[in-house]
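Lettering of chains follows the sequences in order, A, B, ..., and the numbering in each one begins at 1. Note: hydrogens, waters and symmetry copies are ignored here, and every other heavy atom, side chains too, is used.
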Amino acid sequence: MYNFKEVEKKWQEKWYAEGTFNAKNDYSKEKWYGLVEFPYPSGQGLHVGHPRSYTALDIIARKRRMQGYNVLFPIGFDAFGLPAENYAIKNHVHPKITTEKNINHFREQLKALGFSFDWSREVNTTDPNYYKWTQWIFIQLYKHGLAYKATMPINFCTGCKVGLANEEVVNGVCERCGSPVVQKEKSQWMLKITEYAQRLIDDLDDVNFLDKIKAQQINWIGRSEGAEVNFKISGTDDNLLIYTTRPDTIFGATYMVIAPEHELIKKYKDRITNIDEVEEYKKKAALKSDFERAELNKEKTGVEIKGIKAINPLTNKEIPIWISDYVLITYGTGAIMAVPAHDTRDFEFAKKFNLPIVPVIIEKPKDYDNNRESLELLEKEIDAKFAYCFGDDQKRNMSEPFTDVNNGIAVNSDFLDGLESKDAINKVIEYIEEHKIGKRTVNYKLRDWVFSRQRYWGEPIPMVYCEKCGWVPVPEEELPLRLPEIDDYEPGENGESPLAKQEEWINTTCPHCGGKARRETDTMPQWAGSSWYYLRYMDAHNDKALASKEALEYWSPIDWYNGGMEHTTLHLLYSRFWHKFLYDIGVVPTKEPYAKRTSHGMILGSNGEKMSKSKGNVINPDDIVEEFGADAFRVYEMFMGPFDQTASWSMESIRGCMKFLDRVWNMQEFLVDGDKYSEKFEKMMHKAIKKVSSDIEEMKFNTSVATFMTMVNEFYKEKQINKAEFTTFLQLLNPFAPHMTEELYQKIGGTEELAYKAWPTYDETKTIEDEIEIPVQIKGKVRATITIKKDEDEEVVKQKAKEAIASQIEGKKIIKEIYVKNKIYNIVIG
RNA sequence: GCAGAUGUGGCGGAACUGGCAGACGCACAGGACUUAAAAUCCUGCGAGGGUUAAACCUCGUGCCGGUUCGAUUCCGGCCAUCUGCACCA
């Protein structure tokens, strides 16, 4: 009987004491750097989701070692963060203590699963020797104008009392605590990620990320092409600048809308006749949470700004200006031209407030070929269809706006008439550029990164404010700027950082002029430490630089990075941004940090729902290791389904995997001598090596495990396995179930460790069967199977096949015969 | 609404560039071993028909249609579920 407890403990102790898996500092060898996302050491301990990702890359890392690479497969802890701080507020335990305790627990758990991590390079983002370099990077960003302080409306979590990045607001509530998020004006440190927006899109071409990851990042960055156009404000020399992606619809712009926060209102306070009403609307809008404002199916609201009007620069008609919260101050210019006939939101608004709807695009007729004649026909059609739009008595009974940019023809639009929408866009941009009323513009949805948190448990932002000199970075030789030890972790009244109460720490001298100055009391967000941790692993103990040039040169880029889809628009994008910056200032040698990025599916509870305490469906990895062992746990997580898809936990299935491992263990009972594969199993061995080797590369671990099971079934049928076969089998299985396979290999007389034994190779010619069974079909339906020799002469096969179905084709006329070599024979009879 | 994915037995899932649908596992059933049970080993297992038993036949990969000698796979159109984003002009 296999005693997994004893065996697993034995090997783990050996591995971690000897540093079996530590990367070598031999830079002459070919390297491979595999990375998994380091965990946040929460109080709950490891989640069963972690081992899914970790086992997968552990398998690849182990295979790479056997293939002779110098492998770096590190781990660490992303240990700054709210839970430790919230725990501190409640229980008055310093986050440092909780964090340390949790890390120790995590380390134990990770070791108990036998991952081949290089523990000598463990990093911890809360270690001053680590965050020294996080702060250093921030200072470089500041020096290069990419970190700046700005007062702006931010997402403010009413629960955590912290400003949040857009990415941290989910459905209008705080991603972490679930409290509503409101808008608040606050002075914040910002990082100019927008400066890198285009490169973050373009350079995706050079990396091997899953398409869905690329798509999601591109989507998030949200590039759109359009134009900015100035609309004159009637009776002034002033303009209202708008952004639109559909400048071709400008002849249909019947009113303007500005965001509630737009400066126009302040500027024309005195001319606006209903200023009270407008101010009232502004106030209401400010009080709404982001969620309320963005809520769908909500009735549009707004107020016409009376006393000022705009002039449509193409029709020269005066049109009203409205204020409404469906226009966002944070996107474009905070103002739009409304074209209700061709925009869903404008349409809804126009309907509600009874504003004119003028169609200027018509769906392209099927046989439209862009000539005069077609156009005249088209115009007649339009006259009939939209006669009501142009009279004084506008009925506005258009049932829905026409918004398809790929399928429209401009009408009722002067010089654009008859053009397809795409051409019309170009032509109108030419026009507005020529007449200096606007220009072609690109916009991104991506916003600059709000980098301040009003929290204690984060990296202090190494900046000092001096009345005379303004913001001055802490001199680099004074880094790390340590977090002061405090007792009171409560945020301040107005959502200030707990550090704001530490007068002694705050008061300092200006590094620039030596006068009195005060420290920044905000800290960095959790994403800071994780934005560059992969660099630190390359040279984890360097105190002169974040990593040495040589180490960076050798180990960059990361060959394979696996992580969760939930980090696609946060961590993954942020770290690409930091990396590109570090590349620009000559710190790192590559443009992109990760050559390849894959992602694992989530593990759900056995009821198919997300694991949560409240649902009572949480599986604790410790219990699983205790009951089934680490190897069975690993094999099961790889077997449970396609790696990139969600899977539900099943206790029955893991039992099956343990049974499989027991069967492997018991194979030693019918072990026989033999230093090469027996004739019986030779083909199977070569095929298996091929299959498992490619499956691992493609992350099709589930079918690898199936292959192992099939092999074991075959060995059981013969009640025989020789030493050569057993050795290869154990090697292939080793990355999946490292403990048992090492033990077994030792038991059958292996002298070296499998961990570095050369990965088995296969002979392609030996994977091909000499005799093949192929189906014989009549009209695509299988009627018989015949056995043929590989590459058998076509005529012979046809003859054989016809014999096999002789009775069924007798007397029938053969219309067609199809033979696909070594695959299938199909006959069509009349 | 936009983007991405998924849909195959009782269940999790296989099926390489179109070529025997259901590998492998779970569950279930039968048998062997055992005083007995568990464990283990062996066998069967999509549905319907057919046969003493086989052979064999029909249907079957979300739905409708198409291309093809042949479609889980390709094309067109739907439906459902999941994930991310979303008043982004």
Inset, instruction - Go through the structure and list residues passing side-chain hydrogen bond (donor to acceptor under 3.5 Å, both in side chains) with A:Thr254, not counting sequence neighbours. - result: none
Legend entry - Whether A:Phe353 and A:Trp322 hold their rings parallel, tilted or perpendicular, with breakpoints at 30° and 60°: tilted
Whole-Å distance separating the [atom1] atom of [X] from the [atom2] atom of [N]:
{"X": "A:Phe670", "N": "B:U40", "atom1": "CZ", "atom2": "C1'", "result": "13 Å"}
{"X": "A:Met638", "N": "B:G12", "atom1": "CE", "atom2": "C1'", "result": "15 Å"}
{"X": "A:Lys687", "N": "B:A14", "atom1": "NZ", "atom2": "P", "result": "20 Å"}
{"X": "A:Ile805", "N": "B:C56", "atom1": "CD1", "atom2": "P", "result": "14 Å"}
{"X": "A:Asp346", "N": "B:A89", "atom1": "CG", "atom2": "P", "result": "12 Å"}
{"X": "A:Asp211", "N": "B:U6", "atom1": "CG", "atom2": "P", "result": "12 Å"}
{"X": "A:His262", "N": "B:A89", "atom1": "NE2", "atom2": "C1'", "result": "13 Å"}
{"X": "A:Ile815", "N": "B:U68", "atom1": "CD1", "atom2": "C1'", "result": "15 Å"}

Can you tell me, in whole Å, how much space there is between the [atom1] of [N] and that of [M]?
{"N": "B:G7", "M": "B:U17", "atom1": "P", "answer": "15 Å"}
{"N": "B:U81", "M": "B:U8", "atom1": "P", "answer": "14 Å"}
{"N": "B:U72", "M": "B:C64", "atom1": "P", "answer": "13 Å"}
{"N": "B:G62", "M": "B:C11", "atom1": "P", "answer": "13 Å"}
{"N": "B:G60", "M": "B:C41", "atom1": "C1'", "answer": "34 Å"}
{"N": "B:G22", "M": "B:G1", "atom1": "P", "answer": "40 Å"}
{"N": "B:G9", "M": "B:A47", "atom1": "C1'", "answer": "9 Å"}
{"N": "B:C26", "M": "B:A14", "atom1": "C1'", "answer": "15 Å"}

Legend entry - Separation of A:Ile193 CD1 from A:Ile221 CD1 (nearest 0.5 Å): 7.5 Å
Inset, instruction - Please state whether the base of B:C87 and the side chain of A:Lys300 form at least one donor-acceptor pair under 3.5 Å? - result: yes
Legend entry - Qualifying residues under side-chain contact (heavy atoms from CB on, under 4.5 Å), relative to A:Asn406, sequence neighbours excluded: A:Asp404, A:Lys422
Legend entry - Polar contact flag, side-chain donor to acceptor under 3.5 angstrom, A:His571-A:Glu37: no
Legend entry - Among B:G4, B:A86, B:C57, the one nearest A:Trp220 by side-chain distance: B:A86
Legend entry - Listed nucleotide nearest any side-chain atom of A:Lys816, set B:C69, B:C2, B:A89: B:C69
Under 3.5 Å, side-chain donor or acceptor atoms of residues 773-789 of chain A against the rest of the protein: list the pairs with distances, not counting sequence neighbours.
none

Inset, instruction - Before accepting this row, confirm whether a basic side-chain N of the pair A:Glu627/A:Arg655 lies closer than 4.0 Å to the acidic partner's carboxylate O. - result: yes
Legend entry - Salt-bridge contact A:Lys821-A:Asp791 (side-chain N to carboxylate O under 4.0 Å): yes
Using a cut-off of under 3.5 Å, enumerate the N/O to N/O pairs linking the protein to nucleotides 78-83 of chain B.
none

Inset, instruction - Count the heavy atoms belonging to other residues, nucleotides or ligands that lie under 6.0 Å from NZ of A:Lys352, then report whether that count exceeds 12. - result: yes
Inset, instruction - Could you provide the dot-bracket string of RNA chain B, using ( ) for intrastrand pairs, [ ] for crossing pairs and | for bases paired to another strand, with Watson-Crick or G-U pairs below 3.5 Å? - result: (((((((..(((......[....))).(((((.......))))).((((......))))..(((((..]....))))))))))))....
Inset, instruction - Could you run through nucleotides 16-32 of chain B and give me one letter per nucleotide, 5' to 3': B if any protein heavy atom sits under 4.0 Å from the base, S if only the sugar-phosphate is that close, - if neither? - result: B--BB--BBSS------
Legend entry - Given RNA chain B, 5'-ward residue of the pair A:Ile827 and A:Tyr243, judged by closest heavy atom: A:Ile827
Legend entry - Over-ring placement of A:Arg663 relative to A:Tyr716, 6.0 Å and 45° cut-offs: yes
Inset, instruction - Answer yes or no on whether A:Lys300 is positioned over the face of A:Tyr326, meaning its NZ or CZ is under 6.0 Å from the six-membered ring centre and within 45° of the axis. - result: yes
Inset, instruction - For A:Arg223, report the nucleic acid contact type (base, sugar-phosphate, nothing); a contact means any heavy atom under 4.0 Å. - result: nothing
Legend entry - CA sep, side-chain torsions, deciding dist, call: A:Glu348, A:Lys351, salt bridge (Lys or Arg N to Asp or Glu O under 4.0 Å): CA-CA 5 Å; A:Glu348 278 170 33; A:Lys351 281 263 180 182; over 6 Å; no
Inset, instruction - Please check the phosphate of B:C56 (OP1 and OP2 only) for any side-chain N or O of A:Arg783 closer than 4.0 Å. - result: no
Inset, instruction - Report yes if a side-chain nitrogen or oxygen of A:Lys212 is closer than 4.0 Å to either non-bridging phosphate oxygen (OP1 or OP2) of B:U6; otherwise report no. - result: no
Inset, instruction - Could you classify B:G9 for me, syn or anti, using a glycosidic angle within 90° of 0 as syn? - result: syn
Inset, instruction - Report the C-alpha distance between A:Glu228 and A:Lys439 in whole Å, list the side-chain angles of each, state the deciding distance to 0.1 Å, and finish with yes or no for salt bridge (Lys or Arg N to Asp or Glu O under 4.0 Å). - result: CA-CA 5 Å; A:Glu228 284 181 357; A:Lys439 61 171 200 281; 3.6 Å; yes
